[in-house]
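Please read the structure below before turning to the comments.
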Amino acid sequence: MGVPFLKEKELQMIKNILFDLDDTILDFHKCERTALKETFIKIGVEHTDKILDRYSQINDMYWKRLEKGEITREQVLLGRFEMLFEEMGIECSSELAWKTYEEMLGNQYYFVEGALELLENLYGNYRLYIVSNGTASVQDRRIATAGLEKYFEKIFISQKIGVNKPDVRFFQTCFKEISDFRIEETIIIGDSLSSDIQGGIHAGIKTCWYNPKNLEKPKSMRIDYIVNSLDEIEEVLKEEEL
């Protein structure tokens, strides 16, 4: 079970819940692997476990650099394939791989264990929002295919907003779109310390780190709640009502 980390100040009832999408609601790594295999088959590239694993590592590294503002989104989408193909000695167009992968990824969705049940339980009792750094065209298709739209008041995707989590401007833009918004009534739930939790801290809202791998909490980071499974979320929200 996760251990709650409570703020010292008086707790307020939560009304607005910001959910990260990938690896919080939808299992991105499973989607990624399936889409990548389909991509490589279509463009005639070998798809061994070694290649797939290395792509995932490179991809994570590139997205972290985007979060830090070091590179652009296009450099992420194209550069990850350029780096992979160069390392593996693969002769293939990186742009073809990127475009084909986006097409394949948009068709993929697998729910994180407990995610659909959680949304069913929260829907109607809280105002739910998606906050995602993913590519807009891909996320729109995945959200629609998974039937997620009905649960959420609004869906915020960084590519449409023009800035990425954890930039406070991303959250400020979201807040302007939420009626009767109050900082103290809002929490973000996500798996990424660097984009979701750090972003929530920047924005001054409560944070709940979904930590299924039971990773060690960074000592320097203030996190309000830590959960190891999604079925703990409702207990976190009840804690806020006390």
Side-chain angles (χ1 to χ4, degrees), residues 19-113 115 130-149 152 155-167 170 190-192 194-196 210 212-213:
F19 274 101
D20 175 49
L21 181 65
D22 285 319
D23 287 329
T24 301
I25 296 173
L26 298 181
D27 186 332
F28 177 75
H29 283 87
K30 190 172 182 180
C31 295
E32 174 189 72
R33 206 166 184 88
T34 301
L36 203 58
K37 285 181 181 179
E38 292 179 357
T39 296
F40 287 169
I41 289 170
K42 189 168 184 177
I43 65 178
V45 169
E46 187 179 18
H47 57 282
T48 64
D49 285 341
K50 179 181 178 181
I51 292 174
L52 297 177
D53 290 343
R54 182 55 183 149
Y55 169 85
S56 186
Q57 293 168 354
I58 293 171
N59 186 54
D60 287 346
M61 178 188 69
Y62 268 81
W63 281 102
K64 289 289 191 300
R65 292 186 64 194
L66 179 69
E67 291 168 8
K68 295 176 181 177
E70 296 176 354
I71 56 176
T72 66
R73 180 176 296 272
E74 186 166 336
Q75 286 174 315
V76 173
L77 302 179
L78 187 62
R80 56 192 177 176
F81 286 105
E82 290 177 338
M83 183 174 181
L84 177 71
F85 291 166
E86 182 177 354
E87 282 190 8
M88 297 295 175
I90 295 171
E91 294 290 335
C92 182
S93 164
S94 299
E95 185 169 358
L96 175 62
W98 160 25
K99 299 297 185 183
T100 306
Y101 172 69
E102 285 200 358
E103 179 185 349
M104 298 298 107
L105 185 60
N107 299 325
Q108 306 297 330
Y109 75 90
Y110 301 95
F111 285 103
V112 171
E113 184 177 355
I130 285 176
V131 288
S132 173
N133 269 356
T135 302
S137 60
V138 173
Q139 300 300 58
D140 284 344
R141 287 170 56 201
R142 295 172 69 223
I143 288 167
T145 304
L148 288 173
E149 291 167 313
F152 294 94
I155 295 167
F156 300 107
I157 299 178
S158 63
Q159 188 177 22
K160 296 180 181 181
I161 291 175
V163 287
N164 305 296
K165 299 179 293 182
D167 194 312
F170 172 89
D191 69 294
S192 173
S194 57
S195 64
D196 303 319
Y210 172 52
K213 296 180 181 179

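Owing to the predicted nature of the structure, the values given are computational and were not obtained by experimental measurement. Every heavy atom of this structure was used, including side-chain atoms; hydrogens, water molecules and symmetry mates were not.
Counting only residues at least two apart or on different chains, the salt bridge (charged side-chain N to carboxylate O under 4.0 Å, His left out) pairs with a member in residues 56-65 are R65-E70. Sequence neighbours left out, the pairs with a member in residues 92-101 that pass side chain to side chain donor-acceptor pair (under 3.5 Å) are W98-E102.
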Just list the side-chain donor-acceptor pairs under 3.5 Å for residues 31-45, sequence neighbours left out, or say none.
from : atom 1 : to   : atom 2 : distance (Å)
E32  : OE1    : S56  : OG     : 3.1
E32  : OE2    : N59  : ND2    : 3.1
R33  : NH1    : D53  : OD1    : 2.9
R33  : NH2    : D49  : OD1    : 3.4
R33  : NH2    : D53  : OD1    : 3.0
T34  : OG1    : K30  : O      : 3.1
E38  : OE1    : Q108 : NE2    : 3.3
T39  : OG1    : A35  : O      : 2.8

Would you mind writing out the side-chain donor-acceptor pairs for residues 82-91 within the sub-3.5 Å range, not counting sequence neighbours?
from : atom 1 : to  : atom 2 : distance (Å)
E87  : OE1    : R54 : NE     : 2.8
E87  : OE2    : R54 : NH2    : 2.9

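By the 4.5 Å heavy-atom criterion applied to side chains, V112 and T24 are not counted as neighbours. At a threshold of 4.5 Å between non-hydrogen side-chain atoms, the residues L148 and L21 count as touching. Using a 4.5 Å heavy-atom threshold, the side chains of D22 and W63 count as separate.
E113 CD: 12 or fewer foreign heavy atoms inside a 6.0 Å radius.
Residues that satisfy the side-chain hydrogen bond (donor to acceptor under 3.5 Å, both in side chains) test with Q159, not counting sequence neighbours, are absent from this structure. By the ring-ring contact (aromatic ring centres under 6.0 Å, His included) test, Y109 is found to be paired with F111, residues two or more places apart in sequence or in another chain being considered.
Minimum interatomic distance between I71 and L66 (heavy atoms only, all atoms of both residues): O-CD1, 3.2 Å. The nearest pair of heavy atoms linking E67 to S192 is OE2-OG, 4.3 Å.
Side chain of D27 to backbone of Y110: no donor-acceptor contact under 3.5 angstrom is found.
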